[in-house]
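Shown next, in structure tokens, is the structure this report addresses.
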Amino acid sequence: MGGSKIEGGTSSSSSSAAVPVVNRRDPYEVLNVSKDSSDQEIKSAYRKLALKYHPDKNASNPEASELFKEVAFSYNILSDPEKRRQYDNAGFEAIDAEGTDMEIDLSNLGTVNTMFAALFSKLGVPIKTTISANVLEEALTGSIAVKPLSLGSSISGKVDKQSAHFFDVTVTEEQAKAGIVVRVTSTAQSKFKLLYFEKDVGGGYNLSLQEDSEKTGKVTSAGMYFLHFQVYRLDSSVNALEMAKDPEAAFFKRLEGLQPCEVMEIKAGTHTFAVYGDNFFKTASYTIEALCAATYESTTHKLKEVEQQILRKRTDLRQFETDYRKALAQFQEVTNRYTQEKQNVDELLKQRENIQSAFTSNKSVLGSKASNGGSSRREGSSPREEGKEKSAKKRWFNLSLKFTGDKKV
């Protein structure tokens, strides 16, 4: 299913600038987890600490705000498999070189900053947003209103920004075995998150999975697929900055955003989903529907096949990118040599032409090419002799004119 990293609380920018470079603590130490902790254990630890240090709950404690940033920064590393691998191998240097994504809490932004965030988002800059701490706290305490959503039906509505509408989906044993799909679409192209909560022993709800909406054609949509096989979600923000710098990377890195969904099936029982309004200013319009895959057997089979094809294509593209960039480098090298060789040939031919033109008794052509721009002088002749020649030419020219004039008379 399309379940991405859990943002248990809200966070400010999670780039390396959010946490002082000096004396940065080990992310595992910050979240109080071991290096062999599972993704779920890391999420659970982050969720608890994010709520504990959230600025909304610690307005009079500036240290809590810094701790919150540190927790968010650490989770941003450990929740991403690639960044976690880079950190385990090379520490913060690898993370700093790679860069981190920006994640912001819209409920904490002022009007001006929200306008800038909305503008950047409109221009295509990937801006990750986190879920409001108020929504998460209300879910944890169980103080939320939940509507029933029957399989095979849909509900449309509008949810305020940084608010959520909750829905219960009841699944039988047979339906769970066949597979369940929950999808949300918005013809208004609203931004939203599809959330999945697990029931807590104390009666509250713990956020387990989330899927951010993506624009697909003329709508925005998000889906969770519990179909007993691995389904992948495409995170368009992965490598977004690198892709912006290198247009060719937009093709080669496009499938690198594929991330495995963490839950492939759900058990019989009642499951809670929510639609979270993620617009910057206005309410989010949506339609949520829950479906049993039993009536979509052919579609389910096609999805399984295309997921496998996309995975193979991602592997092929990685090798092709290596071959392509190698060939491109060779092409550029050959092109540069072509330009240089062309210049060399032109220069050599020009030199050859100048040298050949020196083999002549007619110096008028050669003289026109002289660097001083003056007329050429016959070898061995003196200025006086040259003057006599010019005078003779002038007399012959006058005679010719006179003769021509007599004929006309």
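Note that the structure is predicted; figures quoted are calculated from it, not measured.
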(Q) Has Ser285 got a side-chain atom pairing as donor or acceptor with Lys158's backbone, closer than 3.5 angstrom? (A) no
Q.
How about CD on Glu173, more than 12 heavy atoms from neighbouring residues, nucleotides or ligands closer than 6.0 Å, or not?
A. no
**Q.** Option from Val219, Val159, Asn279 for which side chain to side chain contact (heavy atoms under 4.5 Å, CB included) with Ser190 holds
**A.** Asn279
Q. Short question: side chain of His228, backbone of Glu265 - any donor-acceptor pair under 3.5 Å?
A. no
Q: Calculate, to the nearest 0.5 Å, the distance between atoms CG and CZ belonging to Leu209 and Phe226 respectively.
A: 6.5 Å
Q.
For the CG atom of Asp212 and the CZ atom of Arg233, what is their distance to the nearest 0.5 Å?
A. 6.0 Å
Q: Check the pair Leu317, Phe320 against side-chain contact (heavy atoms from CB on, under 4.5 Å), reporting the backbone distance first and the verdict last.
A: CA-CA 5 Å; Leu317 282 180; Phe320 177 51; 4.3 Å; yes
Q. Any idea which heavy atoms bring Val231 and Glu307 closest together, and the distance?
A. CG1-OE2, 3.2 Å
Q: Any chance you could measure Leu303, atom CG, to Ser298, atom OG, to the nearest 0.5 Å?
A: 11.0 Å
Q | Crowding at CD, Glu63 (>12 non-hydrogen neighbours, <6.0 Å) | A | no
Q.
For the residue pair Thr283 / Asp160, report whether a side-chain donor-acceptor contact shorter than 3.5 Å exists.
A. no
Q) Minimum heavy-atom separation for Arg183 to Ser221, with atom names? A) NH2-CB, 4.1 Å
(Q) Between Phe192 and Ser186, is the side-chain contact (heavy atoms from CB on, under 4.5 Å) condition met? List the steps. (A) CA-CA 9 Å; Phe192 58 85; Ser186 172; 3.9 Å; yes
Q) Out of curiosity, Asp88 CG to Lys35 NZ, how far, rounded to the nearest 0.5 Å? A) 6.0 Å
Q. Taking C-beta and beyond as the side chain, do Lys161 and Lys282 meet within less than 4.5 Å on heavy atoms?
A. no
Q) So, does Arg25 use its side chain to make a donor-acceptor pair with the main chain of Glu70 at under 3.5 Å? A) no
Q | Nearest atoms (heavy-atom pairs only) where Met224 meets Leu194 | A | CE-O, 3.1 Å
Q | Side chain Ser153, main chain Leu149, donor-acceptor under 3.5 Å | A | no
Q. Rounded to the nearest 0.5 Å, how far apart are CZ of Arg352 and OG of Ser357?
A. 11.5 Å
Q: Inspect the surroundings of CD in Gln343 and state if more than 12 heavy atoms from other residues, nucleotides or ligands are less than 6.0 Å away.
A: yes
Q.
Determine whether a donor-acceptor pair (N or O, by modelled atom type, separation under 3.5 Å) exists between the side chain of Gln189 and the backbone of Lys218.
A. yes
Q) Can you tell if the side chain of Lys326 reaches within under 4.5 Å of the side chain of Thr322, non-hydrogen atoms only? A) no
Q: Assign the ring pair Tyr286 / Phe167 to parallel, tilted or perpendicular, where the plane angle (0 to 90°) is split at 30° and 60°.
A: perpendicular
(Q) Pairing donors with acceptors under 3.5 angstrom, does anything connect the side chains of Gln340 and Asn336? (A) no
Q.
Please verify the inter-ring angle class for Phe166 with Tyr205; under 30° counts as parallel, over 60° as perpendicular, anything in between as tilted.
A. tilted
Q | Any donor-acceptor pair under 3.5 Å from Thr287 side chain to Thr185 backbone | A | no
Q.
Less than 3.5 Å apart, any donor N or O on the side chain of Glu297 or His301 sitting next to an acceptor on the other?
A. no
Q. Passes side-chain contact (heavy atoms from CB on, under 4.5 Å), Leu207 versus Leu195? Steps please.
A. CA-CA 7 Å; Leu207 179 60; Leu195 311 178; 3.9 Å; yes
Q. Are more than 12 heavy atoms from other residues, nucleotides or ligands located less than 6.0 Å from atom CD of Glu333?
A. no
Q) Within a reach of under 6.0 Å around CG of Asp323, are more than 12 heavy atoms found that belong to other residues, nucleotides or ligands? A) yes
Q: Can you sort out the partners of Asp346 under salt bridge (charged side-chain N to carboxylate O under 4.0 Å, His left out), two or more places apart, ordered by chain and number?
A: Lys342
Q: Report yes or no: do Tyr87 and Asp26 form a side-chain donor-acceptor pair below 3.5 Å?
A: yes
Q.
For the backbone of Ala72 and the side chain of Asn76, can you confirm whether one donor and one acceptor N or O come within less than 3.5 Å of each other?
A. no
(Q) Return the OG to NE2 distance between Ser208 and His271, rounded to the nearest 0.5 Å. (A) 11.0 Å
Q) Got Tyr276 and Ser132 here, is their nearest side-chain heavy-atom distance under 4.5 Å? A) yes
Q: Please determine if Glu321 and Lys253 form a salt bridge, counting it only when a charged side-chain N lies under 4.0 Å from a carboxylate O.
A: yes
Q. Does the side chain of Glu347 come within less than 4.5 Å of Lys350's, by heavy atoms?
A. no
Q | Derivation and outcome, side-chain contact (heavy atoms from CB on, under 4.5 Å), residues Tyr196 and Val182 | A | CA-CA 10 Å; Tyr196 173 62; Val182 178; over 6 Å; no
Q. Which heavy-atom pair separates Pro27 from Ile77 by the least distance, and what is that distance?
A. CG-CD1, 4.1 Å
Q: Taking the side chain as every heavy atom from C-beta outward, state whether Asp200 and Leu140 have any pair of such atoms under 4.5 Å apart.
A: no
(Q) Any salt bridge linking Asp39 with Arg84? Criterion: basic side-chain nitrogen under 4.0 Å from a carboxylate oxygen. (A) yes
Q | Atom of Met264, atom of Phe229 and distance for their closest heavy-atom approach | A | SD-C, 3.4 Å
Q) Under 4.5 Å between any side-chain heavy atoms of Lys191 and Thr220, yes or no? A) no
Q) Are a donor atom and an acceptor atom from the side chains of Thr270 and Thr170 found within less than 3.5 Å of each other? A) yes
Q) Do you know which two heavy atoms are closest between Tyr75 and Ile42, and how far apart they sit? A) CD1-CG2, 3.9 Å
